[in-house]
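Before any comments, here is the structure.
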There are 2 protein chains.
Amino acid sequence: MANTQGASTRGDGGALRCLKQVGLRPTRQRLALAGLLFGDSHRHVTAEALHAEAVDAGVRVSLATIYNTLHQFVKVGLLDEVVVDPGKSYFDTNTTEHHHFYHEDIGRLEDIPGSSVVLGRLPDPPAGKRIASVDVVIRVTGDR
Amino acid sequence: MANTQGASTRGDGGALRCLKQVGLRPTRQRLALAGLLFGDSHRHVTAEALHAEAVDAGVRVSLATIYNTLHQFVKVGLLDEVVVDPGKSYFDTNTTEHHHFYHEDIGRLEDIPGSSVVLGRLPDPPAGKRIASVDVVIRVTGDR
DNA sequence: CAATACATTAGAATCGTTCTAATTACCGAC
DNA sequence: GTCGGTAATTAGAACGATTCTAATGTATTG
Ligand SMILES: [Mn+2]
Ligand SMILES: [Mn+2]
Ligand SMILES: [Zn+2]
Ligand SMILES: [Zn+2]
């Protein structure tokens, strides 16, 4: 479980509670971004895409702040960072353990339903190391 | 199976046969790079690292050619590209199906022995898509 | 040993991201 | 409410990896 606070169902002081809970000041920008990110369903966004979306929604926020905020959200556990493409990071509002389809042709990430089990047993980590995370990415492409 | 030609054990016209086999002209640069890449054991290199290694070995080759060559080698199946770090690509001389430990602290990739089985069954791909590859990355970090 | 197609190159350009230094906003104390 | 201190935001420069461009060099074939 995670994101138990997940910004209820619109209208929304949920973003405020969400920020309070993780000890980040509820600034105009962070409130707006939390509002965009933590709606009803989970999302996978890039920094540029979120910036475009914010600007489009009339939120005045710089790209620098988008990056600052995304990284802060990752640090406090509100987001996960997913690496599937060299040269671009995706941020994932689903912070539970799960894996991904990556649609290479269109650059879209999609959660793999947890029910379709993927992992068998894990190998032991190299001596003196501990496992930080296990990422499974199934790359898919347009039909044939 | 793959890389069945794997540049024998030094001295080496192996690189030449290797290029002939995939239909790439055996230029000075490509021969040298194939020599560096396809030795006795498998390697995971970045473009910059391979360039440094080549220059260090007295091979005169530009960074542009390193990129050209790596991508050509990927296209003909001599190399795989592995994405574990936003903003940097790794190239893998092991083109058999396998998975990786990624040592986040030092930026090193390590093959997971195929014996330590990792995958259970795979989920069905989204409708109208086919699975291009399945990447498993186990991120590990320095001890405690 | 042409002629031709292919390959290499230096350097500029691009892209995503991070940094810098200046401005602005939040917030607790009064 | 006002103030002061600290934290946050910002524009724009800087950065690192990669790609592109257009000029030069080299393998191949006849
Ligand atoms: Mn990052
Ligand atoms: Mn590439
Ligand atoms: Zn996800
Ligand atoms: Zn490998």
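Every chain is numbered from 1 and lettered A, B, ... according to where its sequence line falls, protein lines coming before strand lines.
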message: Over all strands shown, is B:Thr65 touching base, sugar-phosphate only, or nothing at heavy-atom distances under 4.0 angstrom?
response: base

statement: Atom CG of B:Leu19 and atom C1' of D:dT28 are separated, to the nearest Å, by 15 Å

message: Just the rounded figure in Å: distance from P of D:dA27 to CD of B:Gln72.
response: 15 Å

field: Distance below 4.0 Å between B:Thr27 side-chain N/O and C:dT8 OP1 or OP2
entry: yes

statement: In whole angstroms, the gap separating P of C:dT17 from NE2 of A:His51 amounts to 13 Å

- line: Rounded to whole Å, CD of B:Glu81 lies from P of D:dT18 at a distance of 8 Å

statement: Rounded to whole Å, the CG-P distance (A:Asn68 to D:dT9) equals 7 Å

field: Under 4.0 angstrom between B:Arg28 side-chain N/O and C:dT8 OP1 or OP2
entry: no

A:Leu70 CG - C:dT18 C1' separation (whole Å): 14 Å

- request: Evaluate whether atom CZ of B:Arg121 has more than 12 neighbouring non-hydrogen atoms of other residues, nucleotides or ligands under 6.0 angstrom away.
  value: yes

- prompt: What's the CD1-P distance between B:Ile66 and D:dA17, to the nearest Å?
  reply: 14 Å

message: From the set D:dT10, C:dG16, D:dA17, return the single nucleotide nearest to any side-chain atom of A:Gln29.
response: D:dT10

task: Name the residue closer to the 5' end of DNA chain C, choosing between B:Arg25 and B:Leu63 according to the nucleotide with the nearest heavy atom.
output: B:Arg25

query: Quick one: OG on A:Ser62 to CG on A:Asn68, what's the gap to the nearest 0.5 Å?
result: 7.5 Å

task: Could you check B:Lys88 against A:Gly23 and say which one's nearest nucleotide on DNA chain D is further toward the 5' end?
output: A:Gly23

query: Hey, does the side chain of A:Arg30 come within less than 4.0 Å of D:dA8's phosphate (OP1/OP2), counting only N and O?
result: yes

Side-chain H-bond candidate by donor/acceptor type, B:His100 with B:Asp135, under 3.5 Å: no

query: Which sits closer to the 5' end of DNA chain D, A:Val61 or B:Gly87, going by the nucleotide each is nearest to?
result: A:Val61

message: Is it true that, when you exclude A:Glu110 itself, more than 12 heavy atoms of the residues, nucleotides or ligands shown sit nearer than 6.0 Å to its CD?
response: yes

- request: Measure from CZ on A:Arg60 to P on D:dT9 and round the result to the nearest Å.
  value: 13 Å

- prompt: So which nucleotide from D:dT10, D:dT18, C:dC6 ends up closest to the side chain of B:Tyr67?
  reply: D:dT18

field: From D:dA17, C:dG11, D:dA11, nucleotide with atom closest to B:Ala64 side chain
entry: C:dG11

- prompt: Under 4.0 Å between a side-chain N/O of A:His71 and OP1 or OP2 of C:dT17, yes or no?
  reply: no

- prompt: What's the shortest heavy-atom distance between B:Ser89 and B:Glu81, and which atoms?
  reply: OG-OE2, 2.8 Å

